[in-house]
There are 2 protein chains.
Amino acid sequence: MAKITIKDVAREAGVSISTVSNALNDVDVLNPVTKSHVLKVAKQLNYVPNLNGKQLRSGKTKMLGFFTTSVSGPYFYKLVESMSRECDRLGYGLNVFITKDKQVIMSNILGRRVDGAIIYEELRIDEEDISAMEEEKIKAVFLDRVLHNETMGSVIFDSFVAGYEATKYLISLGHKKIAYISGVDTMFDSVERKEGYLAALRQYQIPVIEDYIMQGYFEEESTYNAVKSFLHLHPDKVPDAFLAGNDLSAIGCIQALKTLGYGVPLDISVMGFDDIDIAQYYTPPLTTVRNQIAKQGILAINQLVRLIQKKEQGVVQKLACELVVRGSSHVKINSD
Amino acid sequence: MAKITIKDVAREAGVSISTVSNALNDVDVLNPVTKSHVLKVAKQLNYVPNLNGKQLRSGKTKMLGFFTTSVSGPYFYKLVESMSRECDRLGYGLNVFITKDKQVIMSNILGRRVDGAIIYEELRIDEEDISAMEEEKIKAVFLDRVLHNETMGSVIFDSFVAGYEATKYLISLGHKKIAYISGVDTMFDSVERKEGYLAALRQYQIPVIEDYIMQGYFEEESTYNAVKSFLHLHPDKVPDAFLAGNDLSAIGCIQALKTLGYGVPLDISVMGFDDIDIAQYYTPPLTTVRNQIAKQGILAINQLVRLIQKKEQGVVQKLACELVVRGSSHVKINSD
DNA sequence: CTTTGCTATGAATGCGTTTTCATGAGTTAA
DNA sequence: TTAACTCATGAAAACGCATTCATAGCAAAG
């Protein structure tokens, strides 16, 4: 049997197409008897509305798109999970697009496959595309870029404060020689964390030593190598503590220190960022800074829906971080 | 400015709508000069085709849907990543729907928002829905259910063999008293793993002891409690080894054993399933059985696309597992 | 010079739905 | 009795596009 359409339901129920449409969409102009009759027939025929027809006509899809370059790692699935739940609550569907192709993003948004977009794309969308989106009054919320105008906004982590607070904590343990293992310098959070680190040092009048800032690229292995070669080169400059750009980097750092015979945390404190799943199971358990990932998802979806409903203009929302103290950090033991 | 449609491009280029359509869709009947002119005008106007119109008319969306009840945990993101990559390669988009509402699944599939579906839904779709899908010739591939007909197939892990091989390995280490910590008995993989365990014991003529089979529900804490209370109740029946339903469960088990003063692996071997990220970082690193998650994703997408293109009927594909030996297992030390 | 065949293009139709507007029946007021 | 007004329903248009089919133009064949 061919696909049942609204037409078939109308014929079978002995009413017009528009009556069927009104019945299905709860438009309150119908005689209750007619309505229930139509619904009964529809159910009996196993009628399912064609979403493409519906969307074409109404101009709405009731779908939100999450566009991201990657979905691996706990950040993404926690985010996706919270957004998904919030979408359910608000009567929207969530659509996850994983792609590095900017074209895909633009054609899906501008081609109206979704009513609005949450975007995490590591800064690949350039000003020109932003303008195109602005022109078309596309509704979007960015998770890794600070931006707000009539139809677009942001929800981001306050990574500057995260870097600042982490450093302040290490200082409070008595550490002065604090090394920083930088992440990827093109990423927003990476840059902000480092700035926070630098700001804290300045605040407590601890001189910034360039050699103490190394590149870990957010990876375990790169960090392992970086830390090892640093200590090889500067055996006289062993830091009191390492602040790594993220937890994976912190693990690489600790592995290197273990290999070289340093005890963590007794000889050297190490901390990271993110509080990934592994952090609490690692030996020693990682001291780290946790972001409110679920909250970011919830705020983003809510702002997006408000934008779609034109209840407000775009805003920038910043989320506070949370220090998680575990076993990889320790008060400075005076070894003089 | 209002949204640009194909009509505007046609007017501006001085040609008909159909010519624009042919130019954009690479239909090879056009004069190359006309074609390039049309494309130039389209680009100049920043024309982006409305996907709803396109899809309604063509009956195709070039989108595949992944329907799942959850996206948390490494299994899902690894799966999603591999499927996404494969979709890209084949010229499809991937659409992730996270929902526990069966209705959402059915209306998206039957409402033709996607050309085909990959389904992981923990057996919530009943026979009636399967029939409805069959009737409509919906193309679908299931990841947690064995099923094949003209338009639907499956790609699953051979969890029976996984359970069998894991048990066989523990036996090869000299263990005889092997306890099993069961997962969730409504889930396909969980049941199969346990059957494999039982089959291996039978094979090597080791009697099955009912007390050695406990419930861990795939959770760390449940397992922790189960193991603790078991050893409390049966101090005379300490097993040589524990085979846990998954890695999280194995971790719970090891925590309990540590607490009670048993050494892992010297006193007791423990192993799990899945090889989650934490497994290699845990102390001791977990011996486990790894599934070919990425391969599952790739096979599923490819089968689905073949079904859509009507190149073949649905089939059931089973994936072999892989034993990963790490530090949580050890040859039996005779303590007599 | 007419006919045939071929190519490039345009007019028109329809995909399945929502939505606007008209219509006819029934009710009330004058 | 008739005009005015409700109210439930239906006819038809429109959303943006792909696609079918007709046709104009032109070259080759008769």
Side-chain angles (χ1 to χ4, degrees), chain A residues 1-39 41-42 45-63 107-115 136, chain B residues 1-39 41-42 45-63 107-115 136:
Chain A
M1 184 169 49
K3 181 71 191 161
I4 304 278
T5 74
I6 199 173
K7 227 166 164 176
D8 302 310
V9 179
R11 183 168 14 81
E12 193 70 18
V15 297
S16 74
I17 290 180
S18 47
T19 299
V20 177
S21 176
N22 284 331
L24 292 169
N25 294 296
D26 255 346
V27 178
D28 214 13
V29 294
L30 252 48
N31 185 323
V33 179
T34 315
K35 178 168 166 181
S36 73
H37 173 235
V38 169
L39 291 179
V41 172
L45 293 179
N46 286 320
Y47 169 69
V48 178
N50 179 306
L51 296 170
N52 296 312
K54 196 166 175 148
Q55 291 164 186
L56 173 59
R57 175 60 227 217
S58 69
K60 294 185 199 311
T61 64
K62 277 291 181 178
M63 279 276 151
S107 72
N108 276 289
I109 297 180
L110 297 173
R112 316 288 162 158
R113 183 130 48 195
V114 293
D115 291 345
E136 300 282 346
Chain B
M1 184 170 47
K3 180 75 191 158
I4 304 276
T5 74
I6 198 172
K7 225 168 165 173
D8 302 311
V9 179
R11 181 166 17 78
E12 192 70 19
V15 296
S16 74
I17 290 181
S18 48
T19 298
V20 177
S21 175
N22 284 330
L24 292 170
N25 294 294
D26 254 346
V27 177
D28 212 13
V29 296
L30 250 51
N31 186 321
V33 179
T34 315
K35 180 169 164 180
S36 73
H37 173 237
V38 169
L39 291 180
V41 172
L45 293 179
N46 286 321
Y47 169 68
V48 178
N50 179 305
L51 296 170
N52 297 313
K54 196 165 176 150
Q55 291 164 187
L56 173 58
R57 173 61 227 221
S58 69
K60 295 185 198 311
T61 65
K62 278 288 179 178
M63 279 276 153
S107 72
N108 276 288
I109 297 181
L110 296 173
R112 314 288 166 173
R113 182 130 47 194
V114 292
D115 290 345
E136 300 281 347

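What you see is a predicted model; the values in this text were computed from it and never measured. Naming: A, B, ... by sequence-line order, numbering from 1 per chain.
- A donor-acceptor contact under 3.5 angstrom links the side-chain atoms of Ser18(A) to the base of dG10(D).
- For dT9(C), one of the phosphate oxygens OP1 or OP2 lies less than 4.0 angstrom from a side-chain nitrogen or oxygen of Thr34(B).
- Mapping Ser58(B) and Asn22(B) onto DNA chain C by nearest heavy atom places Asn22(B) closer to the 5' end of the strand.
- In this structure, Asn25(B) reaches the sugar-phosphate backbone alone: every heavy-atom distance under 4.0 Å involves primed, P, OP1 or OP2 atoms, never a base.
- Side-chain atoms of Arg57(A) and base atoms of dT17(C) include no donor and acceptor less than 3.5 Å apart.
- Classification of Lys7(B) and Glu12(B) as a salt-bridged pair fails, no side-chain N sitting under 4.0 Å from a carboxylate O.
- Using a 4.0 Å heavy-atom cutoff across all strands shown, Val27(B) reaches no nucleic acid atom at all.
- Within the nucleic acid shown, Thr5(A) comes within 4.0 Å of sugar-phosphate atoms alone, with no base atom in reach, counting heavy atoms only.
- In this structure, Arg113(A) atom CZ and dC17(D) atom C1' are separated by 14 Å, rounded to whole Å.
- The side chain to side chain contact (heavy atoms under 4.5 Å, CB included) test with His37(A) is passed by exactly one of Thr34(A), Val33(A), Val41(A), Leu39(A): Val41(A).
- Nearest heavy atom pair, residue Ala42(B) against residue Leu24(B), reads CB-CD2, 4.4 Å.
- By the 4.0 Å N-to-carboxylate-O rule, Lys35(B) lies close enough to Asp26(B) to be salt-bridged with it.
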